[in-house]
Amino acid sequence: MLRKNAKIELIRSVPLFANCKKRELTRIAAAADIIEVPAGQPLVREGERLAREFMVIVDGEVEVRRRGRRVATLGPGGFFGEMALLARGPRRATVTTTAPSQLLVVTSGAFHDLLDSVPSLQMRVLRALAERLEATAL
Ligand code: CMP
């Protein structure tokens, strides 16, 4: 378990949260867990209806597959899981680690709270959502 300050520093190092104020980082640290995952581990499965988590890659790499085809590879600073949480629908892709990874995991309720309270996060998630929706509409 990371000490609170170490956790805040780790979160601050993620580009998604780089512009956050100390107060916001503290809130994110309280809402998120850091997990270590080996390569080859499915984190989210396409079609799954019980979507509970939003994840941010601190370190490592994941592959995003939709209908069996790879649609993206995400590295440090990348995030996923926002689509099902925002749409309250099924997961649109399967996300699997392709390298040992360190991830920040935020549960659904905390994700919505963070979007309400951290405007810079809201904007970045919204932008990614728009791009991904276009890609998944094809
Ligand atoms: P969600 O549908 O909750 O779970 C699967 C996730 O994969 C999805 O949220 C997005 O975060 C991510 N995802 C889906 N399509 C793409 C894409 N084209 N590029 C990057 N990530 C994607």
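Since this is a predicted model, take the numbers as computed values, not measurements. All ligand and atom numbering here is 1-based and tracks the order in the structure.
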Suppose I only count heavy atoms of [X] and a 4.0 Å limit; which atoms of ligand 1 are within that range?
X	answer
A84	1 (P), 2 (O), 3 (O)
A135	18 (N)
V44	4 (O), 5 (C)
E82	9 (O), 10 (C), 11 (O)
R91	1 (P), 2 (O), 3 (O), 4 (O)

**Report entry** Salt-bridge criterion met for E46 and R91 (N-O under 4.0 Å)
**Finding:** no
**Report entry** Residues K22 and E24 bridged, charged N to O under 4.0 Å
**Finding:** no
Give a yes or no on whether [X] and [Y] share a hydrophobic cluster (residues Ile, Leu, Val, Met, Phe, Trp, Tyr; joining criterion: side-chain heavy atoms under 4.5 Å apart).
X	Y	result
I28	I34	yes
L16	L85	yes
F54	L126	no
V56	I11	yes
L104	M83	yes

Report task. Tell me which one of L74, V125, V64, T136 gets a heavy atom nearest to atom 12 (C) of ligand 1. Result -> V64
Report task. Could you name the option among P90, A72, A128, A93 that has the heavy atom nearest to atom 5 (C) of ligand 1? Result -> A93
Report task. May I ask you to decide if E63's main-chain N or O and T73's side chain share a donor-acceptor pair within less than 3.5 Å? Result -> no
Query raised in the report: So, T96 side chain and Q41 main chain: donor-acceptor pair closer than 3.5 Å or not?
Result: no
Just need the protein heavy atom nearest to [atom], so name the residue and atom and give the distance.
atom	answer
atom 16 (C) of ligand 1	R132 CG, 3.8 Å
atom 2 (O) of ligand 1	R92 N, 2.8 Å
atom 14 (C) of ligand 1	M83 SD, 3.7 Å

Query raised in the report: Does ligand 1 have any atom that is closer than 4.0 Å to a heavy atom of G81?
Result: yes
**Report entry** Structural part of V95 in contact with ligand 1, heavy atom criterion under 4.0 angstrom
**Finding:** side chain
Query - Short N or O distance, F80 and ligand 1, threshold 3.5 Å exclusive - result: no
